[in-house]
Amino acid sequence: MKLATTKVYELTDSDSIEDKELQERLLREREDSCYPEKWVRSIDAYRVLCPEDPMRLEGMRHRAIDDAVMEGWILKSLDN
């Protein structure tokens with residue numbers, strides 16, 4: 001998640017995130033955080049790095065298996 005966080009904030013800082021509400025929230029959370037090394041949440045990394053939502057997560061209930069698969073998609077997106 002450290003690599004994902006770095007990539008998410010690179011995209012956030014360059015104004016490259018399609019979802020501007022998400023981008024603004026990420027910037028605000030980073031600014032307000034007492035921990036500058038804090039990682040972004042998996043779901044936020046997924047939304048930024050996989051905007052096409054290959055898992056079709058939006059509107060679904062949260063399950064533990066989804067977290068594992070979601071992190072797989074995050075890793076895959078970092079490899080591109």
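Here L26 contributes atom CG and R28 contributes atom CZ; the two are 9.0 Å apart, rounded to the nearest 0.5 Å. One finds the OG1 atom of T12 at 11.0 Å from the CD atom of E24 (value rounded to the nearest 0.5 Å).
Between M70 and W73, the closest side-chain pair of non-hydrogen atoms is not below 4.5 Å.
Remark: D13 pairs with R30 by the side chain to side chain donor-acceptor pair (under 3.5 Å) rule, at least two apart or across chains. Among residues two or more places apart in sequence or in another chain, the side chain to side chain donor-acceptor pair (under 3.5 Å) test is passed with D15 by K20, Q23. With sequence neighbours left out, S33 forms a side chain to side chain donor-acceptor pair (under 3.5 Å) with no residue at all.
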Name each donor-acceptor pair under 3.5 Å that joins a side chain in residues 2-11 to protein atoms two or more places apart or in another chain, with its distance.
from : atom 1 : to  : atom 2 : distance (Å)
T5   : OG1    : M1  : O      : 2.9
T5   : OG1    : V40 : N      : 3.0
T6   : OG1    : K2  : O      : 3.1

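Using a 4.5 Å cut-off between side-chain heavy atoms of Ile, Leu, Val, Met, Phe, Trp and Tyr, with links allowed through other members, I17 and L27 fall into different hydrophobic clusters.
Residue pairs meeting the side-chain hydrogen bond (donor to acceptor under 3.5 Å, both in side chains) criterion with at least one member in residues 40-53, sequence neighbours excluded: R25-D44, R41-D44, S42-E71, Y46-D53, R47-E58. Legend: salt bridge (Lys or Arg N to Asp or Glu O under 4.0 Å) pairs involving residues 31-40, not counting sequence neighbours: none detected.
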